[in-house]
Protein chains: 2
Amino acid sequence: MKKSLLLALILITLVSPLPSFADEGMWTFDNPPRKQWKERYNFEPSDAWLEQIRLSAVKIEGSSGSFVSPNGLVLTNQHVASGQLQKLSTSQRDYRRDGFLATTQAEELKCPDLEVSVLISHEDVTARVQGSVKAGMSGSEAEAARRTQIAQLEKESTDKTGFRSEVVKIYNGGEYWLYRFRKYTDVRLVFAPEEQAAFFGGDYDNFTYPRYCLDVTFFRVYENGQPLKTQNYFKWSAAGPADGEFVLAIGSPGSTNRLLTVAQLKYQRDVGNPLQMQVWTSRREALLRYGANGPEETRRALATVRSLANSIKRLTGQQDGLSNPRMMAKKEAEEKALRAEVARRPELLQSVGGAWDEIARAYTELPAMAGRSAFSTLVWSRLGQMASTMVRYSEEEVKPNDQRYEEFRDSKLESLKFGLFSPAPIYPDMEEVILASWLTEAEKTLGSNDPFVRAALDGSTPSAVAKSVVSQTKLGDVAVRKSLFDGGAEAIRKSDDPLIALARRVEPVIRELRAWNEEKILNLETAAGQKIAAARFAAYGRNVYPDANSTLRISYGRVLGYEEDTTLVPYKTTFSGLYDRAASFDEKVPYDLPQRFKDGRVKLDLSTPMNFVYTADTIGGNSGSPIINRKAEIVGLNFDSNIQKLPNRYWYVDETEGGRAIAIHSAAIIEALRKLYGADKLAQELTGR
Amino acid sequence: MKKSLLLALILITLVSPLPSFADEGMWTFDNPPRKQWKERYNFEPSDAWLEQIRLSAVKIEGSSGSFVSPNGLVLTNQHVASGQLQKLSTSQRDYRRDGFLATTQAEELKCPDLEVSVLISHEDVTARVQGSVKAGMSGSEAEAARRTQIAQLEKESTDKTGFRSEVVKIYNGGEYWLYRFRKYTDVRLVFAPEEQAAFFGGDYDNFTYPRYCLDVTFFRVYENGQPLKTQNYFKWSAAGPADGEFVLAIGSPGSTNRLLTVAQLKYQRDVGNPLQMQVWTSRREALLRYGANGPEETRRALATVRSLANSIKRLTGQQDGLSNPRMMAKKEAEEKALRAEVARRPELLQSVGGAWDEIARAYTELPAMAGRSAFSTLVWSRLGQMASTMVRYSEEEVKPNDQRYEEFRDSKLESLKFGLFSPAPIYPDMEEVILASWLTEAEKTLGSNDPFVRAALDGSTPSAVAKSVVSQTKLGDVAVRKSLFDGGAEAIRKSDDPLIALARRVEPVIRELRAWNEEKILNLETAAGQKIAAARFAAYGRNVYPDANSTLRISYGRVLGYEEDTTLVPYKTTFSGLYDRAASFDEKVPYDLPQRFKDGRVKLDLSTPMNFVYTADTIGGNSGSPIINRKAEIVGLNFDSNIQKLPNRYWYVDETEGGRAIAIHSAAIIEALRKLYGADKLAQELTGR
């Protein structure tokens, strides 16, 4: 394997500076990799095929899902649904832990604040956005001009079509596209398994393979109180994929940073990632301390603890990649090749040549500010986040739409309010623990004289501040939040709610840091990044894909095992393996089985495939992505990657390095629904049989 | 895990230079680690307990085994038995591939050349051996004196007791012990599974874990035509070991090199191991070429191919360890600590101080000679090995016993003849391919002017020589070999057998290289090594164990899973896992199941444990070792190590590094015998039920 890697490296470095090969890329629907599909897989879909796929995919909870029946049934992961399951649960009924099945339509449970959206159209507005930039403008002026233009485009579109409209920037600003979304807010829970089935092996097995998880949940979208009727849905493949079969993953990968320069990568490795690790770790520790108070506290904290554990393990994998000299050397070689190409072309050299050094220079100032930026926030407490949002909005709403912070533009307001006025329960004791530990960590890290720390503590201590504001705030009441929000800037300014007061005190510090970051880093790296992106376009043509940014993408690859530690890892696992792994640990946590699985073993065909791996280019946000075959049938449900794949935030992890995405096999879902859950009706809705 | 390794490293380096900790050591029965057993496991066996263990263990095929019934039943691995299974097979009946079960005693199959031996007594003869060395003797003179003394001791003992007697050197010459063996040559095959069950996952899964192998074979020792009656045998534990349970492994680990200096290790890394890899790889390639001719050829080549694949993978793991800078740094730190200790003690400094540099100096000449030594041999062809042995013996037998090459002393003659006159089949076409490819490789590596190559080819080509000698030799006939051997030096000298002629031609070169190696390297490194060993005694007392050298040892540890790639590896596997892994690869080779396993699945309790891992210090030669609990009951049968453990040739791989030995669970053997093989009688003989 080492030899083939070396060979690949030599080929990249010497023969072709183009870093696009193998099953690489999270492609936009306007520029699918038709050439690669045809050459590698003899796959030539029609435009109609692609449109049908796009309209059958949904975005849900920042992740991915899909319609899987003509009656609005939506398939996603249990871990994507986890927040909603938590919100639907009480101390008496824990749907996250115990699962849920609606045996009739009437039993389907309406989610408090779940939104499902579909990308219904997309149009290139690059010319209009870039046209707003006039010769002689500074970097900040140009960015402001673009923002104004973008806000106008979004408003025009919303006014004209009634659809949520967003201008998204891709190729680091190489292109701007107007996306329109149809969105649904009456979404009801149909089925969720026990979390122990969805997340078998817990944090240990997370980001590993072989795996044995049934990480699946079904919702149903309603329109006017009735299940949505739609022709845009994926049919079901009972057989699932064969070894080596071509598959596609449709979804909204969250974020990649593949165009980062080496200077930016080294900053991430040496400063950014370690800081992020500190933030997440301290937060997790606070929640674990809270959870230690009892089973109900554990239940309340668990969804967030699980999400943090996931983030921390992912970050560890990414950091492993950055710390790998061989991988970093590959990135350096790529950058060198592109800079050499730029140097060969006088017109590029003049316009782009300095971009890498500009970024490197700007980043010399960042480490000193990065800690302040990371810790000067209240967002880790739900109440604190709400208070901050309201205070910030009150200062933004008085500005013209196009001059507001992006997240407060008119186009975003509806979703903003949907979250802010959610009836989901808030636990004051948990809020207090989180806020106190956060302020403690901030003080420890930044020192008592730091502006944020001084403003937040106001002469008191972290625990006293947290106790005082959480016990006295009225923001836990949705009606109070609504009335404050509707009261506008005046109401916020005059509010004597202590949490609003705390948010008001820290707001100037947060704004100042944000301004510094935008001026010194973001604008500059956007401008320089656009130059580099332009150079890439010039060098490699359109045969590249843009970084992921939570917009809809199509990835492709093969179902394929790999070599690890001198042996083979199979392309799929089976139910037998689930029972083996549980028994191998004497069913100790987290390898215990739900009672239903223990009792139901005799009913199962144990050789039914359970999970499988494939080579497509995916990342966080692809959770819940449908995996389809060339007939557009669902053969699997993406839910994770193995640890080898995690550096793919920064570069594509070639299939020879063992990086794989992991999916639940379509046959596993049907087998479990029918034999373990008695959900024949649901299975029939999926398979038609 | 990295942290704990660092901590361990700091502890070793700063606190204690003694490299003995955790479950380390392959201990001789005269010096068991009673202190560690008591402290770590509260285990205090009596002398009688230890003697009973020793007398129940056997050496078989250079590996390990044990008596498991009062009727001479012997348990070992199928891969240890593999050579005998091959020899018992014909083109019509392949016991290696298809397995074997004697349903009655009469059906038990007598093996052609299988010897089983028991260590019945051991006595310290260090004083007598060292007493033979007089002041003023050179290194070579001293070694010659010791050899003479050793030969005398062996002869005396054999004459007196009738038992095979051998003086073994341990602690690098720190001690000499006289071992007496009772040996049995009427050994019959009772049971072997299909090789695909014994070796499920083939070369891929070899040296990996989790594993699902039934690598077990039973023989029965006969005495005077009747099953041996013995009170020295291990009882069977039906339950097997619990997670974390203390266990002991009894067996004959082949060879470790833990006292090598850093200079010696670097030679292995840079010259010795790569050369060995070339030898094995070229040999395997020749056999694969031969095997490609058809199924019968495949069958003939398979046992050796498998054994070579095993050796190559093991060497790869060892080389990975040597190439790991962290591990090498640990070894360098140990050497530095010992040298510092020596430097602190004037008496040691004078006698020992120069030893490390002496070795380093001697090794500067070795690389140039190593290739010649490795390739100047005929042993890779069975016929070539026999011819060489007879030619060499004819020159040795005329010498006094104590001046012969070690392998031709009187004490070894019986075993020598047992092998030489074995009726096991020889395949001329295979012999020819092996010999031709070996001579080709030797010529390629050493050049046409090399003395060995010139003597071997005698003006012809490798393939012509091979074709000619193999087609014309009569050595394939046991009677011819016997008559030549019995004819003595005269018969060998006069023989016109072309293979004997070839062996005669190359013999002087081989002897010259052997002499060079003994004079320039072996004697010097023995003398220097003894000084270093003496320094270790002085520094650390008797609280250390000697390097493995194929003599009986006792190791200990715990049944224990480990962490790998951010997740947990369980302490045991189950039959469910076997079926999972087979189905996960769609039962493709080498993950196909014997028909018996496919048909028998419904009969099995799939949660029965199959294999398990434990921390004891083992190495090749421990194959077939009984794993016993503190009641001396068999809980498992050692058959392999994981890849992490392979550097343990050079140093103990600490349990935190994930190194583990792998055993078959006692319950798996009984479950398979009863439910799959219908071998209830055998199961009853083991369990008494």
Hey, is R581(A) close enough to D580(B) for a salt bridge, meaning N to O under 4.0 Å?
no
Which heavy atom of S576(A) sits nearest a heavy atom of Y579(B), and at what distance?
OG-CB, 4.2 Å
In terms of heavy-atom pairs under 4.5 Å, which option from F612(A), F575(A), Y212(A) contacts chain B the most?
Y212(A)
Out of I643(B), N206(B), D205(B), D203(B), return the one with the most heavy atom pairs under 4.5 angstrom to chain A.
D205(B)
Looking at S584(B) and P570(A), would you say the former's side chain and the latter's main chain have a donor-acceptor pair under 3.5 Å?
no
Toward chain B, the part of L606(A) with a non-hydrogen atom under 4.5 Å
both
Does any non-hydrogen side-chain atom of D586(A) lie less than 4.5 Å from one of Y571(B)?
yes
At a heavy-atom distance under 4.5 Å, which candidate from R601(B), K588(B), K313(B), K572(B) has the highest pair count against chain A?
K572(B)
Whatever's closer than 4.5 Å to a heavy atom in chain A on L568(B) counts as both
With chain A, the option among T573(B), N642(B), T316(B) that has the most non-hydrogen atom pairs under 4.5 Å is T573(B)
Given that the side chain runs from C-beta out, which part of Y591(A) has a heavy atom under 4.5 Å from chain B: side chain, backbone, both or neither?
side chain
T574(B) side chain to A583(A) backbone, donor-acceptor under 3.5 Å:
no
